[in-house]
There are 2 protein chains.
Amino acid sequence: MKEQQRRPTLMDVAHAAGVSRALVSIVMRGAPGAAESTRQKVLDAARELGYRPDTRARLLRSSRTKLIGLSFSSSQPFHAEIVDAAYAQANSRGYEIALSAVANGRTETRAIESLLDLGAEALIMISPTLGGDEMDRYSDQVPVVSLLRNNVGRLVDSVSSDDHAGIRLGVDHLVGLGHSKIVHVGGGTAVSAQERREAFRSEMQRHGLEATVIQGGPGEEDGLRAARFLRDNLPTAVVAFNDRSALGLIEGFRAYGLRVPADVSVLGYDDSQMARLSYVQLSSVSQDAPLLAAAAVDRAVDRIEGTASPAHVVRTPHLVIRKTTAPPAA
Amino acid sequence: MKEQQRRPTLMDVAHAAGVSRALVSIVMRGAPGAAESTRQKVLDAARELGYRPDTRARLLRSSRTKLIGLSFSSSQPFHAEIVDAAYAQANSRGYEIALSAVANGRTETRAIESLLDLGAEALIMISPTLGGDEMDRYSDQVPVVSLLRNNVGRLVDSVSSDDHAGIRLGVDHLVGLGHSKIVHVGGGTAVSAQERREAFRSEMQRHGLEATVIQGGPGEEDGLRAARFLRDNLPTAVVAFNDRSALGLIEGFRAYGLRVPADVSVLGYDDSQMARLSYVQLSSVSQDAPLLAAAAVDRAVDRIEGTASPAHVVRTPHLVIRKTTAPPAA
DNA sequence: TAGACGGACTAGAACGATCTAGGACCAAGG
DNA sequence: CCTTGGTCCTAGATCGTTCTAGTCCGTCTA
């Protein structure tokens with residue numbers, strides 16, 4: 001067994017560099033008040049010893065961790081894309097991201113508490129399901145940013161995508177291609193599902209078309225079921241609640257010998273990685289995960305550093321046209 | 001702006017209950033050495049004040065964080081399943097999981113360092129790509145467990161799945177169904193790809209069959225390309241490197257009007273969530289994410305708590321037969 | 001009855017950082 | 001020659017806990 005060597009502390013570095021702890025502290029956090037020559041000497045000693053500051057001790061004394069907590073759901077691929085982008089943005093603003101997953105037996109509350117225990121100075125929650133009151137209670141402790149959901153507590157920031165605009169883009173695209181018999185397969189009780197249903201109805205009405213909405217859900221199975229239902233009375237185009245549902249729809253249609261997009265166009269929502277796969281090539285409304293993530297991190301940092309009060313950022317999605325939408329058969 | 005009120009400390013509780021800090025500490029962590037009557041008095045005072053122990057301070061003093069660092073890749077759905085299970089297992093052994101993703105511009109090194117900064121007492125790395133020397137260097141500081149890869153540094157634990165056994169199960173299954181013309185679509189340079197190729201060759205040989213291995217890769221596109229290649233000289237069954245490749249194969253075969261499994265059987269590997277979807281129903285070799293995750297967490301905890309030396313756990317995968325494998329056409 | 005023992009409790013030193021107050025030194029100004 | 005003001009640096013207090021080494025006091029044992 002190798003001796004588990006103690007992690008070096010400020011004291012060790014100070015000793016090695018021949019200065020006081022306080023000075024090492026000054027150098028390590030880049031504060032003014034150290035001569036350039038000693039600064040180098042200290043940095044060298046620190047590197048030499050492999051010193052890394054102890055987050056807990058630092059937090060205990062200063063209440064700064066430069067840590068932003070991010071809660072996400074491990075089963076949502078779209079969340080993974082946001083996580084990616086959030087890391088990059090946090091990095092460029094000098095913060096670190098602490099991750100906590102909402103998983104099977106692990107509630108959102110649990111995820112958040114663990115982030116707070118780690119000393120997160122702000123919380124970003126992707127599609128939070130907590131009630132407004134609870135969110136507000138956490139907001140008393142640290143700034144909270146809700147991502148992809150905007151009608152949460154009064155004290156919470158939100159960064160969301162304009163669902164109405166997204167659906168409008170989709171409907172305009174399909175109508176522009178010449179479609180008039182368009183159906184929306186809803187998302188059931190999922191977050192944003194209601195907004196998208198209503199947007200679809202209103203946009204179809206604007207075009208003077210009849211809006212048919214059928215039940216669905218957020219998964220592939222839901223799309224598959226919807227395809228079975230639609231077979232008897234086939235529209236020329238379908239706007240799905242999300243990409244997973246769209247994939248189910250396509251799969252279902254194909255099983256009945258229908259071709260996409262020749263017989264029926266299918267439009268997804270999310271522009272997830274699946275949609276981009278070469279054998280899928282799904283046309284989809286993109287919420288642009290990197291932009292959303294960046295905006296959320298920016299809000300968090302602004303709230304931490306300034307005294308900015310809660311704000312609500314809404315981003316407009318855009319359309320990505322691939323190969324599952326085309327003009328209807330003549 | 002609301003007044004940020006100071007959080008009550010041990011001192012406050014001690015004062016309210018008329019005892020010393022130390023005694024409150026004893027009561028709060030349920031340690032022996034306090035009379036039942038005072039214990040109640042202290043608990044009442046704590047509840048009254050809404051006292052919650054400060055994790056940072058507590059851990060600073062006891063130099064325990066009860067934190068296990070887990071690095072994963074945000075773009076791998078299979079990793080997400082492991083994350084899920086790891087949370088549960090860590091929880092049941094009294095530890096927390098700190099997550100860190102390897103993402104686009106974020107290297108594995110970076111991910112690990114941030115985990116160490118948070119004070120992780122052990123590291124679990126899923127499919128690590130670092131060299132053995134580097135892994136060993138981290139092992140000097142904390143126990144390191146490599147998950148899904150076993151030929152890493154001398155000082156690291158590993159928990160992996162027996163690839164040879166997995167392929168054997170698959171080949172036995174197909175041969176048992178009556179197949180003899182079986183092809184393996186490889187995983188290129190991906191982790192485990194070589195092991196599976198070799199296992200396939202040796203297992204086919206054991207059955208006295210000719211082993212055909214064609215190039216592939218870990219993605220859907222690779223499967224799609226392989227399908228194109230196989231069309232002219234169709235085998236009766238294909239063993240794919242993983243589920244994603246299998247899905248690409250199926251998609252490709254269908255595009256050519258071939259039915260799965262009537263015309264050709266396809267077997268995946270990983271038993272990912274995709275495989276389980278109702279419209280996919282892919283037969284697959286399951287590495288059983290929950291079991292692997294649990295074993296990795298167990299190794300980590302054992303190393304932290306005991307003085308157990310590095311060990312290598314190998315789990316035997318099992319077969320999940322769904323609807324993409326069937327006897328060959330007569 | 002003295003000494004040992006053990007249960008209930010406490011004072012004060014850690015833990016590893018930051019912060020405050022101030023010292024040493026040097027150059028410029030009166 | 002003494003002050004003033006700036007830069008560079010340090011000692012010591014501090015954050016909220018836990019740990020160590022006691023003290024105190026009643027009871028058991030020889």
Side-chain angles (χ1 to χ4, degrees), chain A residues 4-46 49-67 96 116-119 121 141, chain B residues 4-43 45-46 49-67 94 96 116-121 141-142:
Chain A
Q4 194 86 322
Q5 61 216 31
R6 199 175 49 83
R7 184 176 160 157
T9 73
L10 268 192
M11 191 60 143
D12 300 321
V13 178
H15 202 259
V19 296
S20 70
R21 276 170 326 168
L23 187 56
V24 177
S25 170
I26 287 172
V27 171
M28 291 319 289
R29 70 198 129 97
E36 192 50 41
S37 58
T38 34
R39 193 174 285 269
Q40 275 310 323
K41 195 171 57 183
V42 169
L43 286 177
D44 287 348
L49 292 174
Y51 168 77
R52 48 190 44 257
D54 182 312
T55 329
R56 298 177 301 281
R58 166 177 283 180
L59 170 66
L60 178 57
R61 178 60 229 209
S62 74
S63 25
R64 287 306 310 271
T65 52
K66 291 261 176 187
L67 211 58
E96 257 293 340
L116 290 176
D117 279 349
L118 288 176
E121 295 185 58
Q141 303 179 43
Chain B
Q4 198 85 324
Q5 64 213 36
R6 199 176 54 83
R7 198 175 146 153
T9 73
L10 269 191
M11 192 59 144
D12 300 321
V13 179
H15 203 259
V19 296
S20 70
R21 278 168 323 163
L23 187 55
V24 178
S25 170
I26 287 172
V27 171
M28 291 319 289
R29 70 199 131 97
E36 192 50 41
S37 58
T38 35
R39 193 176 285 271
Q40 274 312 321
K41 194 170 58 182
V42 168
L43 285 177
L49 292 174
Y51 169 77
R52 276 189 50 193
D54 182 316
T55 331
R56 270 89 61 189
R58 162 177 288 181
L59 298 175
L60 173 58
R61 174 61 236 216
S62 60
S63 54
R64 293 297 314 268
T65 55
K66 293 261 176 183
L67 211 57
E96 257 292 339
L116 291 177
D117 279 348
L118 289 176
E121 295 185 56
Q141 304 178 43
V142 294

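Reckoned from all heavy atoms, side chains included, excluding hydrogens, waters and symmetry mates. All chains are named by letter (A, B, ...) in the order of the sequence lines, taking the proteins before the strands, and each is independently numbered beginning at 1.
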Rounded to the Å, how far apart are A/Ile26 CD1 and C/dT20 C1'?
11 Å
Nucleotide C/dG16, atom P - distance to CG of A/Leu49 in whole Å
14 Å
For the side chain of B/Arg61 and the base of D/dT18, is some donor closer than 3.5 Å to an acceptor across the two?
yes
B/Lys66 has an atom NZ; how far is it from atom C1' of D/dT18, in whole Å?
15 Å
Under 6.0 Å from the CZ atom of A/Arg52, do we count more than 12 heavy atoms belonging to anything else shown?
yes
Quick one: on DNA chain C, does B/Val19 or A/Arg56 contact a more 5' nucleotide (nearest heavy atom)?
B/Val19
Of the nucleotides C/dT10, C/dA17, D/dT17, which has the atom closest to the A/Pro53 side chain?
C/dA17
Whole angstrom is fine here: how far is it from CG in A/Leu10 over to P in D/dG12?
17 Å
Under-3.5 Å donor-acceptor pair between B/Arg21 side chain and D/dT17 base
yes
Taking the nucleotide of DNA chain C with the closest heavy atom to each, which residue, B/Ser62 or B/Ala34, is nearer the 5' end?
B/Ala34
Would you say the side chains of B/Arg21 and B/Ser25 form a donor-acceptor pair under 3.5 Å?
no
With distance as the sole criterion, do the side chain of A/Arg58 and the base of C/dT18 form a donor-acceptor contact below 3.5 Å?
no
Per atom distances to the B/Tyr51 side chain, the nearest of C/dT10, D/dT17, C/dG16 is D/dT17
To the nearest Å, how far apart are A/Leu59 CG and C/dT18 P?
11 Å
Select one nucleotide: of C/dC9, C/dT18, D/dC9, the one nearest the side-chain heavy atoms of A/Leu23.
D/dC9
Return the CG to CZ distance between B/Leu67 and A/Arg56, rounded to the nearest 0.5 Å.
8.5 Å
Rounded to the nearest 0.5 angstrom, the OG1-CG distance for B/Thr65 and B/Leu60 is 11.5 Å
Looking only at side-chain atoms of B/Ala35, point me to the closest of C/dG16, C/dA8, D/dT10.
C/dA8
Measure from the side-chain heavy atoms of A/Ala57 and tell me the nearest of D/dT17, C/dA17, D/dA11.
C/dA17
Rounded off to whole Å, could you give me the CD-to-C1' distance for the A/Glu36 and D/dC9 pair?
16 Å
Measure the distance from CG on B/Asp117 to P on C/dG16 and round it to the nearest whole Å.
15 Å
How is B/Thr55 classified with respect to the nucleic acid when contacts are heavy atoms under 4.0 Å: base, sugar-phosphate, or nothing?
nothing
Residue A/Arg29, side-chain heavy atoms: nucleotide from C/dC19, C/dT10, D/dT10 that is nearest
C/dC19
